[in-house]
Amino acid sequence: MHQHSLSPRQYVILGLVAICAPLGDSCLSRGMTAMPPISVAHPGALIAAVFTPWIALGIALLIGFFASYLTALSWADLTFVLPATAFGYVIIALLAKFWLHESISLERWAGILLITLGVGFVAQGPSRTEHPAPPVNEPERKDPDVKEPPAKRPDVQEPPAKDPGVKEPGIREPEAKEMEA
Amino acid sequence: MTPAVWIAAAMIATVVLASTTGEVFTAAAMKSIGDLDVIRERAGLGGAIRAVLTCPLFFVGVFFLAIAFFSLLFALNHLNLSLAGPATASLTLVTNAIAGKFFLKENVDRRRWAAAVLVCVGVYLLAH
């Protein structure tokens with residue numbers, strides 16, 4: 001199992017996560033704004049809202065999103081999947097421009113640029129934390145798990161011994177960073 | 001600040017907290033299960049679904065995600081979409097980076113912090 005480079009199928013799954021989430025959200029908000037205000041006293045109205053068409057479509061899209069999201073989380077970190085799939089907002093905005101001919105304000109172009117930059121940042125790195133292997137292209141840092149006992153304040157409430165070896169048992173191969181996506 | 005602002009902030013904070021908690025539990029569940037694509041090749045789609053549905057952590061995650069979902073519906077019904085949507089989506093990115101580092105022990109290096117912050121501001125600008 002190769003952790004760092006993603007297979008084409010894994011890119012498809014990340015793409016589905018990216019597209020389904022904003023589309024589903026737009027359907028939900030479209031459905032909810034069309035409804036009369038719901039008060040805290042009648043939460044049952046929220047359940048009834050589930051069966052209106054836009055909200056039902058939104059939920060169907062979000063179920064598709066959730067299945068692909070779970071799959072992605074099974075082979076990648078949460079802090080990789082979330083920023084990477086925010087690219088969906090960019091895709092939706094560009095679709096709205098070129099397909100629906102909506103105009104994109106300067107503010108939105110700035111948003112598109114920032115998201116693209118952010119996605120570029122995570123995509124360069126590993127998709128999954130390999131606990132023994134430090135990131136290769138970072139300037140040499142101290143291993144965060146190494147304790148520096150003398151300098152500590154006496155009142156810190158840390159447990160005396162950390163156990164760096166418990167999580168992710170099977171993965172040990174120190175892999176070099178590769179694959180500039 | 002006026003009470004309306006506090007109420008809006010409380011609604012957004014509820015969504016953000018619930019969804020961060022839900023996502024951390026879900027991610028922990030999926031990490032403990034292992035690569036779903038591999039499981040599906042070995043045991044079929046049914047096997048993959050069974051692997052997910054027999055993981056208790058998954059249901060803890062879904063419980064909090066459901067709370068987040070209904071509080072988002074509630075917030076969307078009361079607040080402007082151009083506030084509630086981007087605010088919850090973008091704040092969740094940053095809270096998840098923090099939670100991912102401390103609870104999931106993910107390696108949130110400077111690259112990922114930068115990504116979380118850039119995407120957070122970007123989502124806000126784009127969806128606003």
Side-chain angles (χ1 to χ4, degrees), chain A residues 1 7 9-10 13 22 25 28-29 32-33 35 37-38 40 43 46 49 55 62 66 69-75 77-84 86-87 89-90 93 107-108 110-126 128-131 134-135 137-138 167-168, chain B residues 23-24 26-31 33-40 48-49 51-52 58 62 65 69-70 72-74 76-78 80-81 84-86 89-90 92-93 96-97 99-101 104-128:
Chain A
M1 186 159 60
S7 69
R9 188 158 90 180
Q10 290 176 320
I13 297 215
D25 283 342
L28 282 192
S29 66
M32 280 317 280
T33 43
M35 303 229 1
I38 294 170
V40 208
L46 285 179
I55 295 179
L62 289 178
F66 199 57
Y69 179 65
L70 289 182
T71 310
L73 284 180
S74 75
W75 36 254
D77 279 351
L78 180 64
T79 45
F80 176 87
V81 174
L82 283 177
F87 199 62
Y89 289 96
V90 172
E107 215 177 37
R108 290 197 168 176
I112 289 175
L113 181 72
L114 288 178
I115 295 176
T116 311
L117 273 178
V119 172
F121 270 118
V122 272
Q124 272 183 353
R128 178 148 192 169
T129 301
E130 310 278 348
H131 277 281
N137 65 345
E138 294 277 300
K167 49 263 165 182
E168 309 220 355
Chain B
E23 265 156 24
V24 166
T26 315
M30 298 320 288
K31 269 181 195 175
I33 290 171
D35 192 328
L36 273 188
D37 288 330
V38 173
I39 295 174
R40 206 173 54 199
I49 292 173
V52 174
F58 170 74
V62 167
L65 288 179
F69 174 78
F70 283 106
L72 178 66
L73 282 194
F74 186 76
L76 283 178
N77 187 243
H78 286 267
N80 215 327
L81 169 68
S90 60
T92 307
L93 275 158
N96 269 310
K101 181 175 173 62
L104 299 174
K105 307 281 189 275
E106 287 181 1
N107 182 15
V108 187
D109 51 12
R110 268 174 297 179
R111 195 195 295 123
R112 285 191 182 175
W113 281 121
V117 173
L118 286 173
V119 174
C120 165
V121 179
V123 166
Y124 190 81
L125 287 175
L126 183 57
H128 190 61

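This is a predicted model, so every value here is computed, not measured. In the text below, chain A, chain B and the rest are named by the order of the sequence lines, each starting its count at 1.
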Q. Which bit of Leu113(A) comes within less than 4.5 Å of chain B, counting heavy atoms only: side chain, backbone, both or neither?
A.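 Leu113(A) has no heavy atom closer than 4.5 Å to chain B.
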Q: With a 4.5 angstrom heavy-atom cut-off, could you sort out which part of Phe66(A) is near chain B: side chain, backbone, both or neither?
A: side chain
How close do [X] and [Y] get, counting heavy atoms only, and between which atoms?
X: Arg112(B); Y: Val122(A); answer: CG-CG1, 4.0 Å
X: Ala110(A); Y: Leu125(B); answer: CB-CD1, 3.9 Å
X: Thr129(A); Y: Lys105(B); answer: CG2-O, 4.1 Å
X: Val119(B); Y: Gly118(A); answer: CG2-CA, 3.9 Å
X: Glu23(B); Y: Tyr69(A); answer: CG-OH, 2.9 Å
X: Leu70(A); Y: Val52(B); answer: CD1-CG1, 4.2 Å

Q: List for me each residue that meets ring-ring contact (aromatic ring centres under 6.0 Å, His included) alongside Phe74(B), sequence neighbours excluded, and say none if there are none.
A: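 Expected list: His78(B).
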Q: Report the C-alpha separation of Leu78(A) and Asn96(B) in whole Å, then their side-chain angles, then the decisive distance to 0.1 Å, and conclude whether the side chain to side chain contact (heavy atoms under 4.5 Å, CB included) test is met.
A: CA-CA 8 Å; Leu78(A) 180 64; Asn96(B) 269 310; 3.6 Å; yes
Q.
Holding to side chain to side chain contact (heavy atoms under 4.5 Å, CB included), I want the full list of residues that pass it with Ser90(B), two or more places apart in sequence or in another chain.
A. Cys120(B), Val123(B), Tyr124(B)
Q: Show your reasoning for whether side chain to side chain contact (heavy atoms under 4.5 Å, CB included) applies to Lys31(B) and Asp77(A).
A: CA-CA 8 Å; Lys31(B) 269 181 195 175; Asp77(A) 279 351; 3.4 Å; yes
Q. Given that the side chain runs from C-beta out, which part of Leu65(B) has a heavy atom under 4.5 Å from chain A: side chain, backbone, both or neither?
A. side chain
Q) Quick one: what part of Leu73(B) sits under 4.5 Å from any heavy atom of chain A, side chain, backbone, both or neither? A) both
Q) Within a reach of under 6.0 Å around CZ of Phe121(A), are more than 12 heavy atoms found that belong to other residues, nucleotides or ligands? A) no
(Q) For chain A, which candidate among Thr92(B), Asp37(B), Leu93(B) shows the most heavy-atom pairs at distances under 4.5 Å? (A)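 The candidate making the most pairs under 4.5 Å is Asp37(B).
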**Q.** Winner by heavy-atom pair count (cut-off under 4.5 Å) against chain A, out of Ala48(B), Ala116(B), Gly34(B)
**A.** Gly34(B)
Q. Any donor-acceptor pair under 3.5 Å linking the side chain of Glu106(B) with the backbone of Thr79(A)?
A.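 Yes, Glu106(B) side chain to Thr79(A) backbone: donor-acceptor pair under 3.5 Å.
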Q: Using a cut-off of under 4.5 Å on heavy-atom pairs, state which of Leu62(A), Ile112(A), Ile13(A), Thr71(A) scores highest against chain B.
A: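 Most heavy-atom pairs under 4.5 Å with chain B: Thr71(A).
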